Number of protein chains: 2
Amino acid sequence: VVGWGHRRWSLDKALDMGAIDEAADTLADAATGADLVVLATPVGLFDSMLRQIAPVLTPGAVVTDVGSTKRSVVKAAGKLLGRGVSFVGSHPMAGSEKRGVEYARADLFDGELCILTPCARPRASAEARRAADDVEAFWKAIGMRVTRLDPAAHDRLLADVSHLPHAVAAALVLMQRDEGLGLAGKGFLDATRIAGGDGGLWRDILLDNADNVRRSLRELRARLGELVGLLKTRDGAALAQWLDRGAQRRQSLLRQKLGQVHPD
Amino acid sequence: VVGWGHRRWSLDKALDMGAIDEAADTLADAATGADLVVLATPVGLFDSMLRQIAPVLTPGAVVTDVGSTKRSVVKAAGKLLGRGVSFVGSHPMAGSEKRGVEYARADLFDGELCILTPCARPRASAEARRAADDVEAFWKAIGMRVTRLDPAAHDRLLADVSHLPHAVAAALVLMQRDEGLGLAGKGFLDATRIAGGDGGLWRDILLDNADNVRRSLRELRARLGELVGLLKTRDGAALAQWLDRGAQRRQSLLRQKLGQVHPD
């Protein structure tokens with residue numbers, strides 16, 4: 001396991017922790033002779049990294065990533081990587097708002113979902129199919145559940161369920177008066193936990209998936225428009241129904257999630 | 001400690017648990033001869049309850065509540081309660097999305113904030129001031145921190161920091177496609193936890209504070225409008241700054257909250 005990263009401190013720490021066997025001086029050195037390359041940076045850096053590793057990868061090598069958007073990286077890999085090198089997009093949905101190898105945890109991926117976006121052409125080569133199976137086996141070996149989606153569906157659904165909620169959490173924090181923030185309870189802290197994430201990482205995600213995020217935002221606005229309508233007409237029965245539908249939907253999601261973690 | 005509630009089952013359970021010493025058959029029976037009355041129902045019922053207890057309360061009695069909005073109950077109490085009876089609004093900010101005496105916990109209030117909205121007239125009677133001090137002592141005795149606000153400021157700030165986040169969490173759940181909900185991670189579950197609350201309870205809060213909730217929603221929209229602008233112009237630096245400002249604001253809130261729980 002060869003690691004490369006921007007900060008020498010992180011590489012030394014990763015060596016100390018046994019997370020990597022060897023630290024490379026350059027990205028190209030790290031990728032030379034690799035069977036599997038895992039890109040784990042903000043999505044805005046993928047294009048440049050693929051350009052740097054493309055010349056040193058040998059036929060049979062497989063490249064994947066851990067980015068939160070998939071259309072752009074799949075497209076860039078298709079354009080930049082050479083013949084005989086396979087790219088399989090991955091989105092392991094695990095992590096925390098903390099950043100750095102020092103926050104690594106062996107159980108971080110246990111039972112969590114990883115979305116693969118392999119080449120979906122009906123006549124994908126045997127090589128591409130094998131690469132997807134290898135990457136799936138990799139994530140399963142560290143405890144993840146794996147599902148497959150095409151890149152466009154991934155980006156559309158994740159805008160709704162992850163990227164927009166992140167942006168809304170940030171907006172909810174930013175709109176508060178200092179005086180009101182002092183009155184925040186546990187509910188507000190939970191609702192805005194995701195807003196504590198790294199700004200640069202999320203900038204890349206939101207820009208890369210901007211079309212879908214804007215569409216998601218329009219759908220949220222439509223739902224909030226329903227609420228305003230109910231408040232205007234003071235339709236208590238319909239308002240309670242609107243809220244209960246949300247509560248029930250979240251309860252059934254919670255039951256489903258608990259079932260996945262303890263599937264007995 | 002005399003309890004009254006809609007469901008006989010809850011009263012029996014409360015007796016079993018030692019939460020009350022005696023269960024009354026009617027609200028008026030429960031309030032007769034009381035030193036302190038605590039109204040703990042959805043806010044939409046306060047008006048009717050105040051009407052029922054007003055005739056049986058004796059001079060010196062103090063009435064408070066645990067509602068999440070304060071303008072309406074303060075106004076109703078001023079109109080309905082007799083001379084010599086004091087009303088002091090309370091909003092103990094503790095609880096969970098679970099409902100019922102069976103979820104009672106002795107440590108529920110420890111270190112949490114209770115907002116009092118006593119009569120704020122500069123020439124409030126000695127009686128009114130004593131009542132506010134008594135209610136403050138009551139909440140402190142069960143472990144709460146207490147602050148005082150006027151009812152209008154309370155409702156305005158809570159719309160931003162509690163009522164709107166609740167409505168937004170519900171809207172975020174409601175806008176999801178089933179397919180996307182299956183991809184929800186821990187971040188989405190946290191961000192929408194508050195949407196699991198009781199629909200009837202929250203209907204009352206949102207209707208009672210509808211003017212402020214609509215104003216809060218306009219402020220959220222303004223913030224989300226800023227985001228859309230940054231996505232349109234693809235201004236990465238300003239977008240990262242917008243996100244980082246949210247993250248930093250939440251981090252400082254978190255530090256402040258942790259300091260309150262462990263004030264050493």
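Proteins come first, then strands; the chains are lettered A, B, ... in the order of their sequence lines, and each starts at number 1. Bear in mind the structure is a predicted one, so any value in this text is a computation, not a measurement.
- Neither the backbone nor the side chain of B/His91 comes within less than 4.5 Å of any heavy atom in chain A.
- The contact between A/Leu224 and chain B is made by backbone and side chain atoms together, counting heavy-atom distances below 4.5 Å.
- Neither the backbone nor the side chain of A/Ala169 comes within contact range of chain B, judged by heavy atoms closer than 4.5 Å.
- B/Leu231 CG to A/Arg203 CZ: the interatomic distance, rounded to the nearest 0.5 Å, is 12.5 Å.
- Of the listed residues (B/Arg177, B/Arg156, B/His166, B/Gln241), the one with the most heavy-atom contacts under 4.5 Å to chain A is B/Arg177.
- A/Leu243 contributes atom CG, which lies 6.0 Å from atom CG of B/Leu206 (distance to the nearest 0.5 angstrom).
- Of the listed residues (A/Leu174, A/Leu113, A/Leu239, A/Asp244), the greatest number of heavy-atom pairs within a distance under 4.5 Å of chain B belongs to A/Leu174.
- Heavy atoms closer than 4.5 Å to chain B are found in both the backbone and the side chain of A/Ser216.
- Without hydrogens or angle criteria, A/Asp190 side chain to B/Asp190 main chain gives no donor-acceptor distance under 3.5 Å.
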Practice problem: Under the side-chain contact (heavy atoms from CB on, under 4.5 Å) rule, what do B/Phe188 and A/Leu253 come out as? Steps first, then yes or no, please. | Solution: CA-CA 10 Å; B/Phe188 186 80; A/Leu253 170 64; 3.8 Å; yes
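- Heavy-atom distances place the side chain of A/Ile115, and not its backbone, under 4.5 Å from chain B.
- Contacts of A/Leu217 with chain B are made by side-chain atoms alone, with heavy-atom separations under 4.5 Å and no backbone atom involved.
- Heavy-atom pairs under 4.5 Å with chain A peak, among B/Leu201, B/Leu254, B/Asp211, B/Val168, at B/Val168.
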Quiz item: Is there a side-chain contact (heavy atoms from CB on, under 4.5 Å) between A/Leu183 and B/His154 once you walk through the steps?
Solution: CA-CA 9 Å; A/Leu183 305 177; B/His154 171 280; 5.9 Å; no
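- When all heavy atoms are compared, the tightest approach of A/Ala170 to B/Trp242 is CB-CZ3, 3.8 Å.
- The contact between A/Thr192 and chain B is made by backbone and side chain atoms together, counting heavy-atom distances below 4.5 Å.
- B/Asp160 contributes atom CG, which lies 10.0 Å from atom CG of A/Leu181 (distance to the nearest 0.5 angstrom).
- Across all non-hydrogen atoms, the minimal contact from A/Gln256 to B/Gly182 is NE2-CA, 3.8 Å.
- The shortest non-hydrogen separation linking B/Gly187 to A/Ile194 is CA-CG2, 3.5 Å.
- Highest contact tally toward chain B, considering only A/Glu226, A/Gln176, A/Glu219, is held by A/Gln176 [criterion: heavy-atom pairs under 4.5 Å].
- Of the possible polar contacts, one joining the A/Arg250 side chain to the B/Leu189 backbone as a donor-acceptor pair under 3.5 Å is found.
- When A/Leu158, A/Leu149, A/Val173 are compared by the number of non-hydrogen pairs under 4.5 Å with chain B, A/Val173 comes out ahead.
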Quiz item: Given B/Met93 and A/Lys186, is the side-chain contact (heavy atoms from CB on, under 4.5 Å) satisfied, shown in steps?
Solution: CA-CA 9 Å; B/Met93 296 179 63; A/Lys186 287 203 185 81; over 6 Å; no
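- A pairwise comparison of heavy atoms in A/Leu207 and B/Gly236 identifies CD1-CA, 3.9 Å as the closest pair.
- No more than 12 heavy atoms of other residues, nucleotides or ligands shown are found within 6.0 angstrom of CD on B/Glu179.
- Between A/Val161 and B/Gly180, the closest heavy-atom pair is CG2-O, 3.6 Å.
- Of all non-hydrogen atoms in B/Ala247 and A/Gly197, the two that sit nearest each other are CB-O, 3.6 Å.
- Under a 4.0 Å N-O distance rule, the pair B/Arg249/A/Asp178 qualifies as a salt bridge.
- Of the listed residues (A/Thr147, A/Leu157, A/Val213, A/Asp204), the greatest number of heavy-atom pairs within a distance under 4.5 Å of chain B belongs to A/Leu157.
- If you measure heavy-atom distances from A/Leu227 to chain B, the contacts under 4.5 Å come from the side chain alone.
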